[in-house]
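In what follows, chains carry the letters A, B, and so on, assigned in the order in which the sequence lines appear, proteins first and then strands, with residues in each chain numbered from 1. Excluded from the calculations below are hydrogen atoms, water molecules and symmetry mates; all remaining heavy atoms, backbone and side chain alike, are included. Keep in mind that this is a model prediction, so the values were computed, not measured.
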Amino acid sequence: SQTIHQWPATLVQPVGSPLSLECTVEGTSNPNLYWYRQAAGRGLQLLFYSVGIGQISSEVPQNLSASRPQDRQFILSSKKLLLSDSGFYLCAWSVLGTLNTIYFGEGSWLTVV
Amino acid sequence: RKEVEQDPGPFNVPEGATVAFNCTYSNSASQSFFWYRQDCRKEPKLLMSVYSSGNEDGRFTAQLNRASQYISLLIRDSKLSDSATYLCVVNQATGGFKTIFGAGTRLFVKA
């Protein structure tokens, strides 16, 4: 069966510090991969998606970047965090052909102080 | 107009009640539909897909009306454990798939 792992689960970072969140998927090949952010009490905002290694599409201009160095690995990064980057970050995967059902990792809570 | 709209609630219902959530979507070319459940401070989890003919999973019934661009979720015999936020999700086939999440409807079930 497919599983998705995301880490770290929680982090508190000072303004201006770098960020790296990592996500891996097991049990499937060539998944679509996503990074979402959910601000407190708000809906899900798609940040990035990837249909293959090295292929990244950005949905909104921001202080963040994403990379996909391997088929089942997706990384979210920032060189300098802003207070507004605080939120709940969710990695997710899907496979086209299965109605593109999206499955989420457990999420990472980021607080920028 | 938002691509997917839901009543944010909250819905406050007693245990055993029947509660219905509605969702509308704007793109008539949307192809697949889902309901997700999100508990407080947790990730969204797939509750059920929504099929054109309507489908049922235990106490949960989902229905789709393509003509009205409307999706519903009915929960019968509500349990305390049903308290959560319910997200309406729509996939649009636009070269690949574009997945749109509603902002969610909050449900509180009380004893």
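- With Asn100(A) contributing its side chain and Ser94(A) its backbone, the two residues share no donor-acceptor pair below 3.5 Å.
- Using a 4.5 Å cut-off between heavy atoms, Phe33(B) does not touch chain A at all.
- Scanning residues 6-14 of chain B against chain A with a 4.5 Å non-hydrogen threshold yields no residues.
- Inspection of the Thr99(B) and Asn91(B) side chains reveals an N or O donor paired with an N or O acceptor under 3.5 Å.
- Using a 4.5 Å heavy-atom cutoff, the side chains of Tyr25(B) and Cys88(B) are not in contact.
- For residues 41-51 of chain B, the set of pairs meeting the side-chain hydrogen bond (donor to acceptor under 3.5 Å, both in side chains) definition, not counting sequence neighbours, is empty.
- Under the 4.5 Å side-chain criterion, counting only non-hydrogen atoms from C-beta, Gln6(A) is not in contact with Glu106(A).
- Proximity to chain B (any heavy atom under 4.5 Å) is shown, for Ile102(A), by both the backbone and the side chain.
- With a 4.5 angstrom heavy-atom cutoff, Phe104(A) touches chain B via backbone and side-chain atoms both.
- No side-chain heavy atom of Gln2(A) sits under 4.5 Å from any side-chain heavy atom of Arg72(A).
- If you measure heavy-atom distances from Tyr36(A) to chain B, the contacts under 4.5 Å come from the side chain alone.
- A salt bridge between Glu59(A) and Lys98(B) is absent, with no side-chain N of the basic residue lying under 4.0 Å from a carboxylate O of the acidic one.
- Side chains of Leu47(A) and Leu64(A) form a contact here, defined as non-hydrogen atoms less than 4.5 Å apart.
- Heavy atoms closer than 4.5 Å to chain A are found nowhere in Ile100(B), neither backbone nor side chain.
- The CG atom of Asn63(A) sits 10.0 Å away from the NZ atom of Lys80(A) when rounded to the nearest 0.5 Å.
- With sequence neighbours left out, Gln73(A) forms a side-chain contact (heavy atoms from CB on, under 4.5 Å) with Glu22(A), Thr24(A), Pro69(A), Gln70(A), Ile75(A).
- The side-chain heavy atoms of Tyr70(B) and Ser72(B), taken from C-beta on, include a pair separated by under 4.5 Å.
- Within residues 101-111 of chain B, the residues having any heavy atom closer than 4.5 Å to a heavy atom of chain A are Phe101(B), Ala103(B), listed by residue number.
- Side-chain contact between Trp7(A) and Leu11(A): absent, with no pair of heavy atoms (C-beta onward) separated by less than 4.5 Å.
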